[in-house]
Amino acid sequence: MKAMQMHGQRVLVTGASAGIGRASAIMLADLGASVILHGRDRNRLEQTQKRLADGQHHIVTQDLSDTDAIAPWLQTLRQEQGEIRGLVHCAGIQETKSIRAFDQAFFDHIMHTNLASALALAKGFRVKRDRKQAASIVLVSSIAGLIGQPANIVYGASKAALISATRGLAMELLRDNIRVNAVAPALVETEMAEKTRNSMTDAQYQHILDQHPMGIGQPEDVASAITFLLSDAARWINAVCLPVEGGYLAN
């Protein structure tokens, strides 16, 4: 269990204002990590910070849509806060749209938010870091990247691309002593899931529930997998995407 401890390690968690990001930040802090909480809403990040175990935790609100600014921002953050040993990228969006309503603006928005930001973060994470210290990145994909879902095509494609990017990044960043893995959650009780539910009829939502043999997940279920992959307990695990889906794929 010592390999799961994060004492003395600084971890950046994007999307830490709610859901999986918040649960991950809380769990990492409980394991001794100093957590840098990232999000767009400072008030909600402060709510997350209040739930963290004592430690040197900080809040940042960098705009991840400006992908060219992410790498310089991470370098500045490292100079201000010290070496960052872990990155958990939970920030992302989900919007459903039928292929009949497909357009370039929608495609660019989803892909830029869910994929380009991850690549820019990985770029900045590796620059001028101490390669003698092992580091780890965990990206949050989705079960939608592994299956087909009507009206969820572009979102699913963005999450499938994130899984592919995980493999490529893992091989390229190996020389920098950085592991890269991903998790692919099924439906989890988050605000994003609630928005999805509100866009469906009761019958449509019940159909989704029926596909989860163990019921829908909690943010902590995914945070546990993220924490494991990020920690030294998974030091020989690289380039994998771990489904966290309550039996969805077997159903």
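Any value given below was found using the heavy atoms of this structure, including those in side chains, with hydrogens, waters and symmetry copies removed.
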Any Glu189 side-chain heavy atom under 4.5 Å of Gln218 side chain
yes
For Asp176, the option from Lys132, Arg131, Lys128 that meets salt bridge (Lys or Arg N to Asp or Glu O under 4.0 Å)
Arg131
Please answer whether the main-chain N or O of Cys90 pairs with a side-chain N or O of Thr14 as donor and acceptor at a distance below 3.5 Å.
yes
Minimum heavy-atom distance between Lys123 and Arg126, given as atom pair plus value:
O-CG, 3.2 Å
Please determine whether residues Ile99 and Ile147 belong to a single hydrophobic cluster, defined as Ile, Leu, Val, Met, Phe, Trp and Tyr linked transitively by side-chain heavy-atom distances below 4.5 Å.
no
Mind checking what makes side-chain hydrogen bond (donor to acceptor under 3.5 Å, both in side chains) contact with Ser117, not counting sequence neighbours?
His89
Enumerate the residue pairs fulfilling side chain to side chain donor-acceptor pair (under 3.5 Å) with a member in residues 224-243, sequence neighbours excluded, ordered by first and then second residue.
none
Does Glu172 CD have over 12 foreign heavy atoms under 6.0 Å away?
no
Taking the side chain as every heavy atom from C-beta outward, state whether Val60 and Leu37 have any atom pair closer than 4.5 Å.
no
Walk me through it: do Ile20 and Val183 pass the test side chain to side chain contact (heavy atoms under 4.5 Å, CB included)?
CA-CA 11 Å; Ile20 294 170; Val183 294; over 6 Å; no
With sequence neighbours excluded, what pairs up with Gln75 under the side-chain hydrogen bond (donor to acceptor under 3.5 Å, both in side chains) test?
none
Show your reasoning for whether side chain to side chain contact (heavy atoms under 4.5 Å, CB included) applies to Asn181 and Leu242.
CA-CA 8 Å; Asn181 294 291; Leu242 177 61; over 6 Å; no
Check whether any side-chain heavy atom of Leu119 sits under 4.5 Å from a side-chain heavy atom of Leu169, and report yes or no.
yes
Atom of Ala233, atom of Met4 and distance for their closest heavy-atom approach:
CB-SD, 3.7 Å
Measure from the side-chain N and O atoms of Arg78 to the backbone N and O of Ile84, and report whether any donor-acceptor pair falls under 3.5 Å.
no
Give a yes or no on this: more than 12 heavy atoms of other residues, nucleotides or ligands lie within 6.0 Å of atom CE of Met171.
yes
Give, for atom CZ of Arg10 and atom CD of Glu83, the distance between the pair rounded to the nearest 0.5 Å.
8.5 Å
Set of ring-ring contact (aromatic ring centres under 6.0 Å, His included) partners for His57, sequence neighbours left out
none
Heavy-atom pair with the smallest gap, counting every atom of Glu95 and Asn152
O-OD1, 4.4 Å
Rounded to the nearest 0.5 Å, the CG atom of Leu187 sits from the CD atom of Glu245 at a distance of 12.0 Å
Under 4.5 Å between any side-chain heavy atoms of Leu173 and Phe125, yes or no?
no
Leu64 to Ala91 - nearest heavy-atom pair and separation:
CD1-CB, 4.3 Å
For atom CD of Gln133, decide whether the heavy atoms of other residues, nucleotides or ligands shown that lie under 6.0 angstrom number more than 12.
yes
Per-pair distances, 0.1 Å, donor-acceptor, side chain in residues 155-162, under 3.5 Å, sequence neighbours excluded:
| unit_1 | atom_1 | unit_2 | atom_2 | d |
| --- | --- | --- | --- | --- |
| Ser158 | OG | Asn114 | ND2 | 3.1 |
| Ser158 | OG | Tyr155 | O | 2.6 |
| Lys159 | NZ | Val140 | O | 2.9 |

Does Ile208 share a hydrophobic cluster with Leu146, counting links as ILVMFWY side-chain heavy atoms below 4.5 Å and allowing steps through other members?
no
Determine yes or no for a side-chain-to-main-chain donor-acceptor pair under 3.5 angstrom, with Asn251 supplying the side chain and Gly246 the backbone.
no
Parallel, tilted or perpendicular, judged at 30° and 60°: which one describes the rings of Phe107 and Phe102?
perpendicular
Hydrophobic clusters here meaning ILVMFWY residues chained together by side-chain heavy-atom distances under 4.5 Å, can you tell me if Leu115 and Ile163 are in one?
no
Mind checking whether Ile226 and Val13 have side chains closer than 4.5 Å, heavy atoms only?
no
Interatomic spacing from CG in Leu12 to CD in Gln62 - rounded to 0.5 Å:
10.5 Å
Here the pair of heavy atoms bringing Val240 nearest to Leu229 is CG2-CD2, 4.4 Å
So which atom in Val244 and which in Asp221 form the shortest heavy-atom distance, rounded to 0.1 Å?
CG1-O, 3.9 Å
Within one Ile-Leu-Val-Met-Phe-Trp-Tyr cluster: Ile59 and Trp73, side-chain cutoff 4.5 Å:
no
Evaluation steps, side chain to side chain contact (heavy atoms under 4.5 Å, CB included), between Leu139 and Leu121:
CA-CA 10 Å; Leu139 306 176; Leu121 283 164; over 6 Å; no
Same apolar cluster (I L V M F W Y, side chains within < 4.5 Å links), Leu45/Ile36:
no
In Å and rounded to the nearest 0.5 Å, what is the CD1 to CG distance from Ile70 to Asp66?
7.5 Å
Considering only heavy atoms from C-beta outward, does the side chain of Asp103 approach that of Lys97 to under 4.5 Å?
yes
Check against side chain to side chain contact (heavy atoms under 4.5 Å, CB included), His58 and Leu77:
CA-CA 11 Å; His58 300 275; Leu77 191 62; over 6 Å; no
Under 4.5 Å between any side-chain heavy atoms of Gln9 and Leu28, yes or no?
no
In Å and rounded to the nearest 0.5 Å, what is the CG to CD distance from Asp30 to Gln5?
10.0 Å
CD (Gln206) and CD (Gln211) are apart, to the nearest 0.5 Å, by 11.0 Å
Quick one: side chain to side chain donor-acceptor pair (under 3.5 Å) pairs with a partner in residues 40-51, sequence neighbours left out?
Arg22-Thr48, Arg44-Glu191
